[in-house]
Structure formats: structure tokens, C-alpha cells
Amino acid sequence: MQPTAAARQSPPPTSVVCKRVARLQADGPNIRCLFSDDTSQVLSRFIGGFIRPADQVEFDVAATDAAKEFRVIQAPERSRSELYIASIGYVTQPKADKRNDYFLRAEVAGSRLGIRRIHLPAKAVRDYFYFSNRRRPGSQDETLFDLLKTTPAASPADLRLALKVRMLELQTEPAQRERWIAAERAFNLLANPELRACYEALLRDPDTPAMFPYGGFGSLIAAGGLSADRETFFATKILSFSPERRQRRFRALLRKIEFFGGYAVYRDSHRKAEVHLDKVSLPLAWDPTWNQWRHLVGAKFGIDATFVRSGKYRLHDGEWQLVNWETALPSRLQITIPADIQEVVANARKTYSRFGQFFEVIQGIRERVEREPVERQELRRICSDLGIPQDFDIAQISWKPDYDAFFYSQLCKRTGKMFLFRDEYLFELERTVVVEVPEQGHATYVFSRPTDLQHWVREYARTPKDDIRRNRVNAAERLGFIGRVTHGRDPRAWVRDLRKRIGEPVDYALATEGPSEG
């Protein structure tokens, strides 16, 4: 419940002051707010547009940037309302109060005024994010689909094409900026399946609880009133929200994409990134069946997008923890795919089919390499004798879905012989023997090259990894263990360290021009 004007408020923190506005004047690209005590505060023109002479402004004079959080108590002739400008964190999912009215709560990030949260009625969230276009005269029945000149049956790909056409049309229309912003906002809501479902529910029933897009995180301006204890600002209306955003460019693994009927989603817990894709932004003839064998695709695709901060609370070890993510704005997304992607996809699909066709035979080979190391040429001969086509890549027998093929390719081009043993690859190099586990999170083990490779392989097969690491019973000394090279987050650093370990001269130009982090 919003506090009444008669309620006596707790005093603010000692460094917080409340000053009356005498006048406002232009100050370059900003607005200077001059107070009755002859002091002043510089504000952006946007925020200054909400303030008038005779208003009172409350802020922390000790703050590095006082304009990031302040409260405006409007003059009596302006209806005696309050405005609150602050940086917010996570916004909860809608909840029902005792009167069965839905509300959300936004965390105030690092408040200097003592305000811990903002109470947001679900209707205020609905009207600002989902029905904001209806404020314009003649647009009361206009939907987000109408803004894009498409229909509620439009697929994600149809929506993107509609946005492109609408942007071209708006280039020739007068006063197009407002419509441009509205069309882009409409697309960003409808291109996210979760937000689109929320909007479609609101069209059927405007009293349906409305979600705060992407979970908050940004700068909020709200009208309302402060509680008596000064810990909660009860908003009645959202006047403005600007999300935290940043530009990111990186390469991502195609196998981390989950494919649905009309859209796909890339999620990477390592990067804390989420990207929603459609068949225009990701121009491949994909469908949900790709999920069966996408783990066999080693290719990467490029992402260049504007990301907004997002987050959710998850229960971990009995405690709720906030997990921060970043979600790409669909309208600010550019995807690049490798030139040979069709060939890579075809090979992955064929490998998946071969695993199914020769399942029993491959399972038998797996059982053998679990017991003893088997050289690559021997495995090829076995596969040929069992009727497996010669183009079958025997490395796939031990391959794990999350393994980056870059490490394997770098070792393959340096090897003379390669053995499969359990879940490992054993590479014979010019001066060393290298052991690689084709799985994310593992390190590359380097040993000096033995005079008798077959004897060394048999000895290695009998020695636990922990004995090598600890040199238990002189295992490391006996096998000529040189050290480990961690995969890390940057494959280029791995190449640099590997070359040192195996005795190759380090080509720093090559090491710094390798693939970007994947």
C-alpha cells in the first residue's frame, strides 16, 4: 500500500540534503539545476526535463555522481507527486498482494538515500513496456504486431523481415525517430519467446501479471511516494527505463545452440550469454532434429550484438543466489557463419548416422580401447574389416561434445603416430609424447620422447594419472613427465605454452593471430 502524505518519515542519512529548485539553465549538452541556497547540480537534459522551479530535490552531496540517484518532491501546484531516479538491479517475478493485485519489486543498487527497493504495480510495468504505444492519440487499439505491420501469426523470421521493411519505410517518413524506437522495442519484445508469450497473454487479458523484460538492471525513473521508513518507494507509474548495455563481439560454438520449431537459443554458462536466433539471423536450414547431433559440430559462428544485463535467482546448496547473465537485443544482432558450414554440418549429420548404423561394432571398439591403447592405423584397419566406411573419423570414438577441436587439430598436424586409450589421445611428436583428453576442462600432458614407444605406451597404460602428478613410486620420472599445459580460456596461450614444452621455437605472430576465444 502506498504511504499517505500525512505519514511521518524517518530522517534520511546524514549526507543527504533536500534543496529547493530556483531555476534551470542550459549548460552545454546538460542542464544546470540552480538551488535557492546558490548551489547547483548538473543533470542530463533528459532527467532535467522532469524537474521544474519550486520542486525540491533530495540527493547525497557526498556521492561521486549525485545525479545517478535522487528524489524529486514536486511543488504543490504540480499535484504533490514524487519522482525517484535510481539504478536498479534484479526485478522479481509478479506476485499477488492481500488484495490480489499483482506487483513486482526492484532492488535498488547501492542506494545512498536509504531506499532499498521499488514497489512496482504490474499495471505500471504493463503500460510502460507492453502498451506504451497506446498513449498516442488514435493508437489505443494498436498492437506491437501492428507497429511492425505484421500479424499475430508471424514467425520469428517473419518478424525480423517485417522490422527490416518497417525501417526502410520509416526512412522516408517525417518525424520517424519515435516510430523507429517503437518498432524496434516491439520487435525486441516479440522476438523473445518468453516476452512474446507474456504480451500475447496481456492481449487476451490486460490484468494478466506482466513480466519486467530481462529481469531489470538499469536506470529507472518512477513516479509515486516514499514509505514512512524510507526503505520502499511505492511507484504508481514508470516514466523511463534504460537497461545496462554493452557491445560484445565473440565466436561461439554452434553446438551450444538449442533448436526449436521457429527459433533457436544460444546459451553459454561460461560467457553468461544468451542469444535468441531466427532463420534469418542464422541462415541455415535447421530444425529441431539438429539437437540429436549438434554435439558433433565443431564449427564456431560469430556474434556481434548489443547485450543487456539480465539475471535470475536460482537455488544452490539451500541458498538463493542471483545469477547474472547478458541477453542480446535481437534488433542489434549480427551473426557470421563459416564459409564451409554446410560441409561441417553434413559431416556431423553423417557421423551421427554412422554411429547409429554401426553402434554395436563401435561399442566393441570402445571396449577394446578401454582395456589397451590401440594405434590409429590399426583402428582404421579394424573399422575397414568390420565394414565401416573409410571416411569414418576414428577420433570420434573418444570425442566429448564440449571439446574444442582446435586443440586436437594443433596436435594432429604435429604427430607421427596416435593411439586411442580409454578417453585419451596419445600423440607421438618429434621430441615428445603428448596425452590429450578430448573434453573441456582438461590439461595437455607432455612427456619426453622414449626410445621404445610401444614399451612406453604399455607402461603409461598401467600408471594412474594421480601417480604421475605426484611422482608416486617415481612414476613421473619413469615416464619422462615434463609438465602440463592447461587449455584455459584462450587457445592462443595454450599454443604458445605447448610449443615451449615440446621444444618448438615459439612463433609469437602465429600465437597471437590464432582463433579468438570460443
Side-chain angles (χ1 to χ4, degrees), residues 2-3 12 16 31 33 41 43-51 55 57-60 63-74 81-95 102-133 135 181-182 184-185 188-189 192 195 198 209-227 230-246 306-313 322 324-327 329:
Q2 184 173 339
V16 173
I31 288 289
C33 185
Q41 176 67 47
L43 306 172
S44 69
R45 285 183 178 269
F46 177 73
I47 293 178
F50 293 97
I51 302 173
D55 290 349
V57 178
E58 185 179 83
F59 60 95
D60 185 350
T64 304
D65 186 357
K68 282 191 174 181
E69 183 194 15
F70 60 93
R71 176 170 158 245
V72 180
I73 302 120
Q74 295 180 333
S81 179
E82 296 182 15
L83 305 180
Y84 181 47
I85 295 94
S87 296
I88 64 169
Y90 177 74
V91 178
T92 65
Q93 296 294 311
K95 300 177 183 178
Y102 283 92
F103 71 94
L104 303 85
R105 279 190 172 172
E107 299 174 347
V108 178
S111 173
R112 310 277 300 201
L113 305 185
I115 302 172
R116 298 176 59 186
R117 65 191 71 88
I118 301 174
H119 181 283
L120 297 168
K123 291 182 180 179
V125 175
R126 176 201 66 189
D127 292 343
Y128 180 78
F129 289 105
Y130 299 94
F131 290 171
S132 61
N133 54 302
R135 293 197 297 265
I181 294 173
E184 185 178 22
R185 174 184 285 185
N188 284 332
L189 288 171
N192 183 301
L195 298 178
C198 177
M211 296 171 52
F212 201 103
Y214 306 111
F217 302 98
S219 180
L220 179 75
I221 304 178
L226 189 59
S227 65
R230 294 188 59 91
E231 291 190 354
T232 305
F233 186 86
F234 287 86
T236 56
K237 186 178 182 181
I238 297 174
L239 302 178
S240 174
F241 176 73
S242 178
E244 289 185 28
R245 62 181 71 188
R246 66 166 175 149
T306 300
F307 283 79
V308 294
R309 188 178 170 194
S310 58
K312 292 182 180 180
Y313 272 95
L322 179 63
N324 290 315
W325 279 68
E326 289 184 301
T327 303
L329 289 175

Arg117: what forms a side-chain hydrogen bond (donor to acceptor under 3.5 Å, both in side chains) with it, not counting sequence neighbours?
Thr232
By side-chain hydrogen bond (donor to acceptor under 3.5 Å, both in side chains) - contacts of Asn188 (at least two apart):
Ser331
Please test Phe129 against Leu195 for side chain to side chain contact (heavy atoms under 4.5 Å, CB included), starting from the C-alpha separation and ending with a verdict.
CA-CA 10 Å; Phe129 289 105; Leu195 298 178; over 6 Å; no
Got a sec, which residues hit side-chain contact (heavy atoms from CB on, under 4.5 Å) with Ile31, two or more places apart in sequence or on another chain?
Leu24, Arg45
Residue set satisfying ring pair (Phe, Tyr, Trp, His ring centres under 6.0 Å) with Phe59, at least two apart, ordered chain then number -> Phe35
In this structure, CH2 of Trp325 is separated from CZ of Phe307 (nearest 0.5 Å) by 11.0 Å
For Glu326, salt bridge (Lys or Arg N to Asp or Glu O under 4.0 Å) partners two or more places apart
Arg246, Arg248
Which residues satisfy the salt bridge (Lys or Arg N to Asp or Glu O under 4.0 Å) test with Glu107, sequence neighbours excluded?
none
Tell me, with the steps shown, if Val16 and Arg112 meet side chain to side chain contact (heavy atoms under 4.5 Å, CB included).
CA-CA 8 Å; Val16 173; Arg112 310 277 300 201; 5.6 Å; no
pair Cys198-Tyr130: side-chain heavy atoms closer than 4.5 Å:
yes
Test side chain to side chain contact (heavy atoms under 4.5 Å, CB included) on Leu329 and Tyr214 and set out the steps.
CA-CA 10 Å; Leu329 289 175; Tyr214 306 111; 4.1 Å; yes
Nearest heavy-atom approach of Pro209 to Pro94 is CB-CB, 3.5 Å
Between Val91 and Ile88, what is the shortest heavy-atom contact and its length?
CG2-CD1, 3.9 Å
Are any of the side-chain heavy atoms of Ile221 and Ile238 separated by less than 4.5 Å?
no
For the residue pair Val308 and Glu244, establish whether any side-chain heavy-atom pair is separated by less than 4.5 Å.
no
Shortest non-hydrogen contact from Ala106 toward Leu120:
CB-CD1, 4.2 Å
Do Tyr128 and Leu220 have side chains that get closer than 4.5 Å, going by heavy atoms?
no
Residue pairs meeting salt bridge (charged side-chain N to carboxylate O under 4.0 Å, His left out), one or both in residues 63-74, sequence neighbours left out, come to Glu58-Arg71, Arg71-Glu82
The side chain to side chain contact (heavy atoms under 4.5 Å, CB included) partner of Phe50 among Asp55, Val72, Leu83 is Leu83
What is the distance from atom SG of Cys33 to atom CZ of Phe70, rounded to the nearest 0.5 Å?
8.0 Å
May I ask you to establish whether Arg185 and Phe241 are in a cation-pi arrangement, using a distance under 6.0 Å from NZ or CZ to the six-membered ring centre and at most 45° from the ring axis?
no
Can you list the steps and then say if Val108 with Tyr84 is a side chain to side chain contact (heavy atoms under 4.5 Å, CB included)?
CA-CA 11 Å; Val108 178; Tyr84 181 47; 3.5 Å; yes
Ring pair (Phe, Tyr, Trp, His ring centres under 6.0 Å) partners of Phe217, counting only residues at least two apart:
none
Min side-chain heavy-atom separation Leu189-Asn192 under 4.5 Å:
no
The criterion is side-chain hydrogen bond (donor to acceptor under 3.5 Å, both in side chains); which residues satisfy it with Thr92, sequence neighbours excluded?
none
List the residues meeting side-chain hydrogen bond (donor to acceptor under 3.5 Å, both in side chains) with Ser219, not counting sequence neighbours, and say none if there are none.
none
Arg245: salt bridge (Lys or Arg N to Asp or Glu O under 4.0 Å) partners, not counting sequence neighbours:
none
Distance from Ile51 atom CD1 to Ile85 atom CD1, nearest 0.5 Å?
6.0 Å
Distance, nearest 0.5 Å, that separates OG of Ser310 from CZ of Phe212
12.5 Å
Report the residues that fulfil side-chain contact (heavy atoms from CB on, under 4.5 Å) with Ala122, sequence neighbours left out, ordered by chain and then residue number.
Tyr102, Leu104
Atom CD1 of Ile115 and atom CZ of Arg230: how far apart are they, to the nearest 0.5 Å?
6.0 Å
Between His119 and Phe234, how do the two ring planes meet: parallel, tilted or perpendicular, split at 30° and 60°?
tilted
